[in-house]
Amino acid sequence: MTGNSDKIFVEVAFNLPLPSPFTYSVPVGLKDRALPGMRALAPFGARRITGFIVAVKYQCDSGFEVKPLEDLPDNIPALSESMLDLTRWLADYYQCAWGEAIAAAIPAGLDEAGEDIFSLTETGMEAFQSSASSDSDRALLEVLRERPGSSRKQLQRRLGANFNARALNKFKSREWIRAQSKITRKSVDYHNEKFVRALPGPSPEATETALKRSPRQLGLHRLLSQREYSLTELKQIDPGYAAPLRQLKDKELAVTETRKVRKASPWDFLDESPRKETPPKLTPEQETACKPLLAAIDKGAFQSFLIQGVTGSGKTEIYLRCIQRALEDGKTAIMMVPEISLTPQTAERFRLRFGNRIAILHSGLSRQEKFDEWNKIQTGQVSIALGARSSVFAPLTNIGVIVIDEEHDGSYKQDSTPRYHARDVALMRAKNQGAVVILGTATPSLESHKNAVTGKYQRLVLTQRVNNRPMPWIQIVDMRQEKEERRNYSIFSIALKNAIRDRLDNGEQTFLFLNRRGAANYVFCKECGYVFDCSRCSVSMTFHSEDNKMRCHYCNGFARIPRSCPDCKGEIIKFQGFGTQKLEAETRRLFPGARVFRLDRDTAKNASVFETMRDKLNAQEIDILIGTQMIAKGHDFPNVTLVGVTLADLSLNVPDFRSCERTFQLVTQVAGRAGRGDIPGKVIVQTNSPDHFVFPCIQNQDFDAYAEKELDLRKKLRYPPFVRTVSLEIEDANEQRGAETARRLRNLLKGALTSFSDVDLLGPAPAVLYKISMKYRWRLLIRAATSQTLQRFLRYAQEQRDLKKAVQSGSKLSIDVDPINLL
DNA sequence: AGCACGCCGACT
DNA sequence: GTCGGCGTGCTC
Ligand SMILES: [Zn+2]
Ligand SMILES: [Zn+2]
C-alpha cells in the first residue's frame, strides 16, 4: 500500500494471453519517460520481458508486491494514445489480451527484447573438461561451449527433448554458466552466395597456351577475367559451367568465394527514384463516383463508402485520386490490398503517382526493413502506407482516407490471435479519427452489401469497363448432359475441350481452376443434381465411409443416405472428388503437346514457385495453368483468354454457409482477368447442378440479383449478415479428451443461454478439417442478433460461468469473433 | 505463454 | 537417494 504523491506507477500489458495488465513502480531515473504507449522492460516471474505501458497512475493499493520497472528502452512511445485506444477496443472485441493486440499493431521484434543469453564461465569450462557430470548435463554444457551466447530458446531448439530447465538453473547457481541480457536484436536477412573470379596465371600468354586445347575453359576464363560472377549468374549464361570451372580451379586460374549478400528481390526497383506519370483522364462514371468521395475527404469527418465496380472499371484510379486529395488537404492515407495482390507491380502503380511519399509494407521486407518503413511512417517522412492486412495499424497521424481494395477478400481476417478483420478495424479507426473509409470490390461481401443497402455505407456503382473493354463471356456447362446425352465421362466437357484446343491453336493461354480447400465428399442426385444438405443448417452434408452416413459439420446431425432422390427418385451418388494431380494427368493425356503447369498447395510451398509461374506465363512458356483459386489474384495475364472452372460444385458444396458467396466471387474474379484489350475472355463453368440459383447470376454477372436471393436465405436460416457469430474452436491431440472438452463447453454455454434470449448454439461438431497436424478439431458456433448481445454473452460465459474451466488441460480453445473461415 | 515447483516412478 | 516426466498454478 503506497500513496506517496511523488511515486508513480504504470500498468504494463504483455504479449501474453493474460486478461489484465500488471502494475509496476517506476524508478526515479525512468520517471520522465514513463508515458502511455512506451515499451517497458519488466521483471515477470522468473524472467524479464518487454511489455507496453498502457496507463500511468500516482497511487497503487494492492495485495501483491509491486516490482519496479527495469528499463524503458525507447525515447518516444511506440504507440500513440489513439493507437492505444484502438488496440484496447480490438482486444475487447476480438477476445484477446490488450498486449496481444498491441503486439499485432507494431512491427515484429519490438516485443522480443529482454531475453537472456548464456555462456560458460571458467569454472564451467573446467567442470566440463573434468567430465564429472551426467550425459544430459554434458550435452547442455557442450552446446554452450560450442555456441556461447545461446538464448534459452536456442538451447531448447538444439537440445530438443534433452533440454532440462533444472540443469540450466543448477549451473547458473553454481556459477558454471553466466547469464547476460541481450541488448538489441538486429536481423537483416542475408543469404550466402558463391562468387567466382579468374586468377591471371603466370602471364596472359601462358594461360592462353595452357587452355588452347580446352575451349570451354578458355571461354570461361575470359568471361571471368572481365568481372566477378555469382554462380547463379553463371548458371544462366552456361548451365554446364561446373566441369570447366572445376578444371580452372585445379589449374589455379579461378577461385570461388562465399559471401553474404542481400538477396536480390523483385522489390529492388523501390530503391530507385521513381518516375512520375501523369494521371489518365477519368471516365464519366469514375468522375461521378469521385465527387462524393472527394467532398467527404475535404469535409474530414467519418464516412464510409462502398465502390461496387466490375473488374476493369478503374477503381484503382479512383483510389489514387482520393489519396491525392487527402495529401492536398495536408492529411495522410492508408491503402490496403489483399496479401496476394501486394506485388511489385501493384507497388509500382502507387509509386509512379506518389513517389517517395509512400511507404510500402510488403512481405519481402526483412524485420529491420519493416521496422525502418514503420519508423518512416511514424516520424512523418511519408504520408501514405501501402500494405496488406496489418497496414491498418500504420502509425500515421491525421488520417484522411483509408482504402480497402477487394474488400471481400478473406485475407483481411487474421487467422491467429488476435483474429481481427482489417476492414472492421479500419472502420473503427476511421470513426475515432474522423477519416473516410473506401471499400472497393466487384463482389462485395454480403456484410458490406447489407451495410450499403441500409445506408450505413454510401454505395457508388461502376458498371462500365475503362476503354470499353468487352465483358467476359461466361458459359455454364451441364455435366449431367455430357454424361447422359453425349456419353462423355471425362472431367472435360466437349465445350471446354474444344475451347482449349482453340486456344492452343491460337497460341493463347488457359487457366483451369479446381477448388480443393474444404471440398468434402458430398452426396447428390445424378439425375436432378440435388445436393443433400442439413435441414436445420442448410449446409451440404458430408459423406463418411466409416458408417456410411451423412453428417452436418455445423450441428453434428446425422442422416442415412437414401437409396434414391427424394425429389425425382433418381440415382444417388457419393461424390469422392478428384484433385489437381488427376486433373493435370487428364489434361496431359488430352492435350499431349501442350505445356502444362500445376500450382497448388503442394507445389507452391514458397513464393519462388509463384514467380517462376508468373515469369513462365508471361514468357509464353505455359499453355495451360492448373491451380486452385489463388492463381487468379494479383496479376493480369493478358494472353489468358480462357478460364475453365473445372467443377464449380466443389466450391459450391463446401460445407459452409458462405460457399455460394465464395463461388460467385471466384468466378467473377477470374472472369474479370480473362481476355485482353478488345478480345473478350471466355469462362466455362462446369457443374452437375446447373439449376442452382447462383448460375444465372454468375452467367449475367449480376451481383445484385445474387445478393438479393442469398440475403433471403441468410435471413431465413439465421446466418450473417442478419446475425453475428462467434466460433469456438477446440483443438486436442487426444481425440477423446477433445470431444469431452467440446461437450463440456456446450453444456456450460447451454446453461448460460438461459439468461439470454436471442442467442443460440450450433454444434459442437467435428470440424470439416478434422485433423490438422496431429490435432483433432471441433467447432461450436454461437449466434446472436447483435454484436452487443454476443459480446455480453461471451463476457457472461467467461466471467460468471468460468468458460475456461470447461477446457481440460491439453485441449486448446480459441475464440473467433466474426469468423470467416469455418472449416 | 513460459517458467518453477511439486509429486511420483525409475534407476543408480 | 537423485533424475527427469508430467500436471498445476502463478506471473505485478
Ligand atoms: Zn433427383
Ligand atoms: Zn446441421
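Naming: A, B, ... by sequence-line order, numbering from 1 per chain.
With sequence neighbours excluded, the residues forming a side chain to side chain contact (heavy atoms under 4.5 Å, CB included) with R551(A) are H544(A), H553(A), N556(A), F558(A), P766(A), listed by chain and number. Residues passing the salt bridge (charged side-chain N to carboxylate O under 4.0 Å, His left out) test with R737(A) are D732(A), sequence neighbours excluded. Partners of D92(A) by side chain to side chain contact (heavy atoms under 4.5 Å, CB included), not counting sequence neighbours, listed by chain and number: R795(A). Qualifying side chain to side chain contact (heavy atoms under 4.5 Å, CB included) partners for K31(A), counting only residues two or more places apart in sequence or in other chains: D6(A), I8(A), V26(A).
Within 4.0 Å (heavy atoms only), P21(A) reaches no atom of the nucleic acid at all. Residue S809(A) is classed as a sugar-phosphate contact, given heavy-atom separations below 4.0 Å to backbone atoms only.
A side-chain donor-acceptor contact under 3.5 Å links S82(A) and Q433(A). Looking only at atom types and distance, the side chain of S727(A) has a donor-acceptor partner in the side chain of R779(A) under 3.5 Å away.
Note on ring orientation: taking the six-membered ring where Trp is involved, the planes of W778(A) and Y776(A) are tilted (angle from 30° to 60°).
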Letter per nucleotide, 5' to 3', of nucleotides 2-10 of chain B [B base touched, S only sugar-phosphate touched, - untouched; heavy atoms, 4.0 Å] | SSS-BB---

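In this structure, the CD atom of E100(A) is 8 Å from the P atom of dA1(B), given to the nearest Å. One atom, NZ of K812(A), and another, P of dA1(B), lie 6 Å apart when rounded to the nearest Å.
Along DNA chain C, the nucleotide nearest to F64(A) and the one nearest to K170(A) differ in position, and the one closer to the 5' end is contacted by K170(A).
Side-chain contact check for E731(A) versus S814(A): every heavy-atom pair is 4.5 Å or farther apart.
Taking every nucleotide of DNA chain C with any atom under 4.0 Å from a non-hydrogen atom of chain A, the first and last of them, 5' to 3', are dG4(C) to dC12(C).
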